[in-house]
Amino acid sequence: MSGKGELLRLVALGHAASRAELARHSGLAPSSVSLRVEELIDAGLLQEEGPGLSTGGRRPRRLKLAPESGLLAVADLGSHHARLGLVDLAGTPLAVVEHACDIGAGAAVTLDWLAARLEELVATAGGGLPVRGVGVGVPGPVDPADGTVISPSRMPGWNEYPVGAHMAERFGLPVLVENDANLMAAGEHLAWPGCENLMVLKVGTGIGCGIIADGRLHRGRGAAGDISHVRVRADRSVMCSCGHSDCLEAYASGAALIAALAGQGIEVDHPARIARLASDGVPQATNLVRGAGRLIGDVLTALVNFFNPDAVVIGGSLSAAEQLIAAVRGAVYERCLPLATRDLKIDVTRAGPNAAILGAGSLLRDVVLAGDWVDEAAVRP
């Protein structure tokens with residue numbers, strides 16, 4: 001990362017708020033830091049405000065990102081919806097909207113539609129500020145090397161589609177493409193201070209899991225955390241959309257529960273509706289949600305023993321069903337080793353519906369601030 005980009009990142013993350021703190025964290029000489037800070041201020045990327053806390057001498061002036069430093073345009077694509085946001089370089093959401101969409105329309109059509117919606121959001125809520133990067137979350141495996149979707153289960157027409165290249169050609173900016181559960185994990189990590197090892201489940205139409213290990217998102221080669229196709233034990237055999245039988249997703253996902261309810265004469269169009277039915281005490285929904293929670297908990301038992309996380313966080317539209325959360329807790333606490341669960345927290349999302357937006361902003365910021373544009377912008381004439 002470039003020197004100025006690293007200084008900007010330290011301020012954006014809240015690790016440094018003065019020149020002295022920047023020198024300490026970056027390892028650069030104070031004189032070098034001072035020169036680069038002045039260039040960043042001249043470029044409209046940093047600004048100084050009232051004095052900070054004194055450590056024995058003259059009180060330093062506080063540094064913060066300038067409001068005009070730029071925006072990140074991010075989106076979280078689901079099977080039937082898209083949540084779009086504008087995030088500043090400090091990671092604060094400035095505008096968030098949601099649209100209905102259908103990823104079954106295919107990659108090119110969906111991405112062109114998404115790009116148009118992002119452009120509309122920038123035009124209406126961006127305040128004329130420059131967009132520095134674009135981030136997209138998708139509900140399928142992503143090759144982290146090039147932003148290509150690989151063998152998704154519920155995304156016809158998306159296999160091996162170069163999402164990153166498509167969006168980069170449209171916007172001419174740095175682009176981040178990531179699995180939606182990974183974005184949720186990155187966003188939840190911000191809301192769980194002190195927890196450096198997290199498993200974050202997204203239980204909606206499908207089932208995904210993001211992993212934070214030692215404070216960093218663990219991607220593997222693109223399939224890390226994919227628990228949806230772990231085989232489970234059941235009284236009957238069900239074929240999964242991946243082509244194998246008895247996957248967790250075939251029994252416990254929102255799509256599976258919607259199909260099961262339809263077989264009992266109850267039509268629902270979204271997993272959130274199942275959670276509401278369970279909360280209202282509708283027995284068919286309650287039984288299905290509890291069964292899904294037990295199966296998810298059975299899969300988590302081995303993973304919790306293996307990974308030993310600080311917390312298991314459950315988000316997605318089905319996380320609103322208390323019966324599901326209780327069943328997951330019951331299975332994990334009953335079957336896991338005492339040492340693995342002694343301090344383990346199993347809870348619903350703290351970051352809420354904007355978890356993926358926050359995670360996309362956090363991950364995209366690192367990509368953007370690693371670019372040459374910071375050095376190019378912060379050059380004194």
Side-chain angles (χ1 to χ4, degrees), residues 76-83 98-105 138-140 152-156 180-181 184 200-209 226-300 312-332 346-349 352-353 356:
D76 176 26
L77 273 176
S79 297
H80 305 294
H81 78 284
R83 196 170 184 85
E98 189 163 317
H99 296 279
C101 78
D102 180 11
I103 60 173
V138 296
S153 296
R154 299 182 182 277
M155 300 173 66
D180 58 349
M184 179 178 284
V200 181
L201 273 69
K202 183 176 183 180
V203 188
T205 301
I207 299 176
C209 180
D226 189 356
I227 68 171
S228 57
H229 301 294
V230 174
R231 190 170 187 176
V232 297
R233 296 179 181 178
D235 296 333
R236 56 195 174 88
S237 183
V238 175
M239 185 64 66
C240 179
S241 58
C242 72
H244 296 288
S245 60
D246 301 335
C247 295
L248 176 65
E249 185 169 298
Y251 293 96
S253 66
L257 300 191
I258 287 173
L261 282 174
Q264 299 179 57
I266 300 176
E267 298 291 335
V268 296
D269 58 0
H270 193 276
R273 177 61 178 158
I274 300 174
R276 288 194 291 270
L277 291 175
S279 297
D280 290 340
V282 176
Q284 297 93 329
T286 299
N287 290 336
L288 285 171
V289 164
R290 283 178 177 155
R294 283 193 295 270
L295 289 173
I296 293 170
D298 287 344
V299 170
L300 287 178
V312 173
V313 184
I314 305 174
S317 49
L318 280 179
S319 67
E322 294 181 1
Q323 299 91 336
L324 183 138
I325 306 301
V328 170
R329 287 188 181 124
V332 172
I346 302 177
D347 210 343
V348 295
T349 170

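All heavy atoms count here, side chains included; hydrogens, waters and symmetry mates do not. For the single chain, residues carry numbers from 1 onward in sequence order.
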How close do R290 and Q323 get, heavy atom to heavy atom, and via which atoms?
CG-CB, 3.7 Å
Please name the pair of heavy atoms, one in S319 and one in V348, separated by the smallest distance, quoted to 0.1 Å.
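That closest heavy-atom pairing would be O-CG1, 3.8 Å.
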Partners of [X] by side-chain contact (heavy atoms from CB on, under 4.5 Å), sequence neighbours excluded?
| X | result |
| --- | --- |
| D347 | W192, R329 |
| A105 | V109, T110 |
| H99 | L84, V97, W113, R117 |
| V230 | I227, V299 |

Contacts of [X] that satisfy salt bridge (charged side-chain N to carboxylate O under 4.0 Å, His left out) - sequence neighbours left out:
| X | value |
| --- | --- |
| R294 | none |
| R154 | E249 |
| E98 | R83 |
| R276 | none |

side-chain hydrogen bond (donor to acceptor under 3.5 Å, both in side chains) with [X]: which residues, sequence neighbours excluded?
| X | result |
| --- | --- |
| T349 | E188 |
| D180 | K202 |
| S317 | none |

To the nearest 0.5 Å, what is the distance between NE2 (H229) and CG (D246)?
13.5 Å
Starting at CG of L324, measure out to CG of L257 and round the result to the nearest 0.5 Å.
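The CG atom of L257 is 8.5 Å from CG of L324, to the nearest 0.5 Å.
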Pairs under 3.5 angstrom only: tabulate donor-acceptor contacts from the side chains of residues 261-275 to other protein residues two or more places apart or in another chain.
{"unit_1": "H270", "atom_1": "ND1", "unit_2": "A272", "atom_2": "N", "d": "3.0"}

